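Structure first, commentary second.
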Amino acid sequence: MTLNRFLVLSLFIFSLGIVILYNGLNRVPLRQIDPNATHKHGHSSLLQSEAVANKTTTASATALRLKNIDIIQKRS
Amino acid sequence: MNRYKILSWIALFISISLLLLPKYVPICTGHTGDGNPMQCHYTYQAEFIITLLAIILSASLLVLRTTEARLLASFVVFLLGIIVIILPQPWAIGICENGACLKTTFFTTIGGSILAIIGLVLLLLTHKTQSEEVI
């Protein structure tokens, strides 16, 4: 094989590779995620996590907030 | 078939194996908290381009005739082998701590090491041939 023919073939293989990369054929497809879903390992404040865990009604929200502040004070 | 040809064919085979590796030993398919792909995805996209280049250069070892061109091609194959090893390192692009990614990186590191060693051996072989020609 001559060098010129090799260069043309290489260019074709390289272009083909880039097309494969662009279309994502080189890997296993990424998992589809719900855009509204929250990430479980993200940063959240103690107030938020405690409130979500307790699932209280609006009436007891103030009491819960006070309780959460108390928890924060104890932890710190 | 001399040693140079055999090593060039092995380098080509290793490069093709590295290119196909994430397809058969897949990395994780998760996302980060903000919905973007994880860093292991980007690492293996980069690995794909590097191994594509490694394939072309390994194949060029079989086509090139002059010693200088062979020296340069084998040196670049050696460097590409090192890049293949470096990319998954945390100080380069990095991978996540998922078991699947670690498994793929294990095989990638082995392949990259072999490619780098073959590149180095080819470099030395060609250099030896060049020295003999001069004498």
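Below, chains carry the letters A, B, ... as their sequence lines are ordered, and counting in each starts from 1. FYI, side chains are in, hydrogens and waters are out, and symmetry mates aren't considered; it's all heavy atoms of this structure. Only a predicted model underlies this, so the values are computations on that prediction, with no experimental measurement involved.
- Under the 6.0 Å distance and 45° angle rule, B:R70 counts as a cation-pi partner of B:Y4.
- With a 4.5 angstrom heavy-atom cutoff, B:I56 touches chain A via backbone and side-chain atoms both.
- Residue-environment remark: NZ (B:K23) exceeds the threshold of 12 foreign heavy atoms within 6.0 Å.
- For chain A, the nearby parts of B:A59 are the backbone and the side chain; heavy atoms of each come within less than 4.5 Å.
- Taking a 6.0 Å sphere around CZ of A:F14, one finds it holds 12 or fewer heavy atoms contributed by other residues, nucleotides or ligands.
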B:Y24 and B:T104: CA distance, side-chain angles, deciding distance, side-chain hydrogen bond (donor to acceptor under 3.5 Å, both in side chains) verdict: CA-CA 9 Å; B:Y24 297 105; B:T104 315; over 6 Å; no
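- Residue A:I20 touches chain B through its side chain alone, counting heavy-atom pairs closer than 4.5 Å.
- In this structure, the portion of B:L64 lying under 4.5 Å from any heavy atom of chain A is its side chain and not its backbone.
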